[in-house]
Amino acid sequence: MTHVVRLGLLSALSVSALALHGLAHEDDPKILHRKPAYRGPGYSAGALGKGGGSFAGTTFPAQNATLISWMPLSDFGSPDNGADCWGYVSPSGREYAIFCHYDGTSFVEVTDPSNPQLVATINGPDSLWRDTKTYQTYAYSVSEGGGGIQVMNLANIDNGQVTLVNTVTSGGTTATHNVAIDEESGFLYRTGGSDEGLRIYNLANPASPSLVAQWDDRYVHDAQIKTFTSGPHAGKQIAFCCSGFNGGFSSTGLSILDVTVKGNIQHVGQITWPGADYSHQAWLSDDGTILYVNDELDENGSMPTTTYIIDVTSLTNPVYRGSFNNGNTAVGHNLYVKGDFIYEANYRSGLRVFDASNPLSPFETAYFDTDPGGDGASFNGMWSNYPFLPSGVIVCSDMERGLFLVWVGDPPITFTYPSGLPTLLDPAGESLDVQVGESFAGALVPGTAQLHYDVGQGTVSVDLVDLGGGNFSADFPSLPCGSGVEFYLSAQSSTGITWVDPPGGAGPYQATATPSQTTVFSDALESASGWTVGAAGDDATTGVWVRGNPIGTGAQPEDDHSSPGTQCYFTGQGSFGGSIGENDVDDGKSTLTSPAIDLSNHVEPTISYWRWYSNTGGASPEADVFVVEISNNGSTWVNVETVGPTGSDVSGGWNLHQFRVGDFVTPTSNVRVRFIASDEGSGSIVEAAIDDIVVSENGCPDCNGNLLSDDMDILTGVSLDLDQDGTPDDCQPLSADTGSIGTILGGQQNFVLNADPAFGGELYLLLGTVTGTAPGFDIGPVHVDLNQDAYFNITLVNANQPPLVSSFGTLDSSGDATAAFDLPSGFTTLIGTTAHHAYITINPVSGVVTFASNAVSLNFTF
């Protein structure tokens, strides 16, 4: 893209649009690609480790990097965007992240990065651009919105107090693009702001910076100033400036200034690089011999993210030594060097970490992408990073998503599963083998490893059982058969950080409590398979559902979910390099309907699918919803879920959703699911996608044939289980209203006899035992679950005698009757004894025993 084309685009922006963001650095292309702020939940590993909080529901692509916590913009009030970030360590050693945003500068304690705490926010002029640096116990913030230099006192930050102590407006325009501080010499440098170069302030009195010099030969976008303490440049203060004319667009490159004598600044070196487009920001290697430069405008969709290598061993003769890239198409933005590693914040591809042990040939070793919607060459996503906190935690700022705290490299604690992760759990209870690894001896704080699970009634946390040698057992209790189970694990490291698995905030592991599961229907959408696009009332003019390999945009996925696979259904295919709104859903709705699925003979069918939904783009963000419905007749539809207009799943990313069919409709031979994407507002960017639909059948018992598992009948109140034996009472010929009686006061156990109507008019006899139900005995073909003991003989020959009431009689025409066990008070000798009762039916003509019921227990307590 040439300067002529770019400047033409920029000139198309109205003056009023620029005014929305204060006195901006007018040629910065970030304003071209503005997206609304994400307003959903964030993520705190520390809160999850306490069994609270929630997963963010967003999958952040990562390699050799782990998300520790995420504070979205809503945690800082309601700023329109995030900007730069920095870090601070108080004299006590407590660590802080400094997060710049549209409204001001926020200070967050990150001493425990898994549980960050907002300490204070100092408001400033509204601006898309804001930057801050620290010196001693002060922070200095500047912005393109004006306001000069805001001076903030951090001396009492450990007590939750940050104060604005001064605002310095000397030096001409109050607008500033960036601020740099040479802590060795104690000078502050304002860069940019309108077409300014450097404005230099003495920090001898850090609360009141005093203007001492200016250098305006060229515009300076950003700079690093270093006081050399050894080598050939010892004693010199050198400014490495990303500079140019015309706001940096003309003759862009690197200017090297000797600023040792503020009244006699010397321009000692100048260099550019092949294809230089916009010299944006640079940082020195630790030894001060190599400068790594990012050019913000060279990436144009085809050129990969490129970083330029300048040898500055000779300040007067800097030498271009080449460049390196990672093959990614995102735009490079801000980078810093720490030891042998370069940490780059590269907009839509997020944090990228390069090993520079060979300083002329760095290679990528890790990344964490805060913008999961794709890696296009647009100006969204990660703005900056700060890798210098002593803890090793990396502070990252994202324009739309806020503040991230990331760990790069092997975490101190890892979780592995020797037998694999279960997708099915035994409803009677199951143990999961877990190995908790430590990157160094003593990394795991004993007693902190926990399992957290939820079956829809809130999170329950249980300690892992330590088996020794890093081996643990995660013990699930008995769970309702057919219930969906979400679970995760956590542990605390000796560094004070809580580590959660699965990491990254996307969501917990998922399983189903069932002894077995079979796949009834599965469609990865790799081929045409009977899906229907369109329904009555559909009126979207663009963004109609289509199956194919999507071309990614800022709102639409670049890849389907299947692995391997390429195809999915999504809302409209644009062109390569097309705009974000070229073929999104507009002016109505579009419906995608599945083929009919025969579930007529299934007890516990569950439907799962992966969905993508984005409604956060455009002039009217978060105004629309994505609707999923189910039908068992093709004409009447029931809502399964409505995604949006706000929440965790409205900014893209593949998210799994699953549900029990029986919770919504009775399974039939004509079950269909449909997905409705709509844009009913004005100026919204709406995209949706669907992939990997699976229908599974759980092997749960259904004694009453109502197409709900027995456990779910009991859990949801469809059936009673008065004797608490796990079987619905309506499935048992004998049930009771209680399972225990206190012997001191006495009491009654009331029985309901509910034999099949086929036994109506037959005789019944209630029998008992106090020695258990096994092995029982047989009367002809009928097995009775009672042992023949002394109590059995009493009930056999003393029908309708205390303590039994109505223990012998005739079943009514429905096969029903009632009886009772009535215990008087004072029978304490029975404490600890358990009785069981069951009944038999007898044909009154032949005298043949025709049926035996289940046995019901009765415990005698104090």
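This chain uses plain numbering: 1 for the first residue, then up along the sequence. None of these values were measured; they are calculated from a predicted model.
- Under the 3.5 Å distance criterion, with hydrogens and angles disregarded, no donor-acceptor pair is assigned to the side chains of Thr795 and Asn798.
- Donor-acceptor pairing under 3.5 Å is recorded for the side chains of Asn698 and Gln517.
- The CZ atom of Arg674 sits 6.0 Å away from atom OG1 of Thr591, with the distance rounded to the nearest 0.5 Å.
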| field | Derivation of the side-chain contact (heavy atoms from CB on, under 4.5 Å) call for Ile630 and Val671 | value | CA-CA 7 Å; Ile630 190 170; Val671 172; 3.9 Å; yes
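- Taken to the nearest 0.5 Å, the OG atom of Ser709 stands 8.5 Å off from the CD1 atom of Ile714.
- A donor-acceptor pair under 3.5 Å is absent between the side-chain atoms of Thr512 and the main chain of Thr514, judged by distance alone.
- Remark: the backbone N or O of Asn800 is paired with a side-chain donor or acceptor of Ser807 at under 3.5 angstrom.
- In the model, Asp692 has a side-chain atom that pairs as donor or acceptor with a side-chain atom of Ser562 under 3.5 Å.
- A donor atom on one side chain and an acceptor atom on the other are not found under 3.5 Å apart for Asn670 and Asn633.
- Ring-plane geometry between Phe821 and His837 is classed as tilted, the angle between the planes lying from 30 to 60 degrees on a 0 to 90 degree scale.
- Between Phe476 and Phe487, the distance separating the two ring centers is shorter than 6.0 angstrom.
- Asn632 and Thr666 share no side-chain donor-acceptor pair at under 3.5 Å.
- Taking CG from Asp475 and CG from Leu432, the interatomic distance works out to 9.0 Å, rounded to the nearest 0.5 Å.
- Salt bridge annotation for Asp691-Arg611: absent, with no cationic side-chain nitrogen under 4.0 angstrom from a carboxylate oxygen.
- Of the N and O atoms on the side chains of Tyr609 and Asn655, not one donor lies less than 3.5 Å from an acceptor on the other residue.
- Side-chain atoms of Asn859 and Thr834 include a donor-acceptor pair closer than 3.5 Å.
- Glu762 and Thr850 share a side-chain donor-acceptor pair at under 3.5 Å.
- Taking CZ of Phe472 as the start and OH of Tyr417 as the end, the distance is 12.0 Å to the nearest 0.5 Å.
- Residues Thr498 and Gln492 bring no donor and acceptor atom of their side chains to less than 3.5 Å of each other.
- Legend: side-chain hydrogen bond (donor to acceptor under 3.5 Å, both in side chains) pairs involving residues 451-460, not counting sequence neighbours, sorted by first then second residue: His452-Ser461, His452-Ser490.
- The closest side-chain donor-acceptor pair between Asp649 and Trp612, if any, does not fall under 3.5 angstrom.
- Rounded to the nearest 0.5 Å, atoms CG (Asn115) and OG (Ser69) are 8.0 Å apart.
- Thr771 and Thr769 share a donor-acceptor pair across their side chains, judged by distance under 3.5 Å alone.
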Applying side-chain contact (heavy atoms from CB on, under 4.5 Å), run through Leu525 and Trp531 and close with a yes or a no.
CA-CA 9 Å; Leu525 302 178; Trp531 290 72; 3.5 Å; yes
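- With respect to Leu763, the side chain to side chain contact (heavy atoms under 4.5 Å, CB included) criterion is satisfied by exactly one of Val849, Thr841, Ile842: Ile842.
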Can you give the donor-acceptor pairs under 3.5 Å from side chains of residues 740-748 to other protein atoms, not counting sequence neighbours?
unit_1	atom_1	unit_2	atom_2	d
Thr743	OG1	Thr861	O	3.0
Thr743	OG1	Phe862	O	3.4

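- Below 30°, between 30° and 60°, or above 60°: for Phe808 and Tyr764 the angle between ring planes is between 30° and 60°, a tilted geometry.
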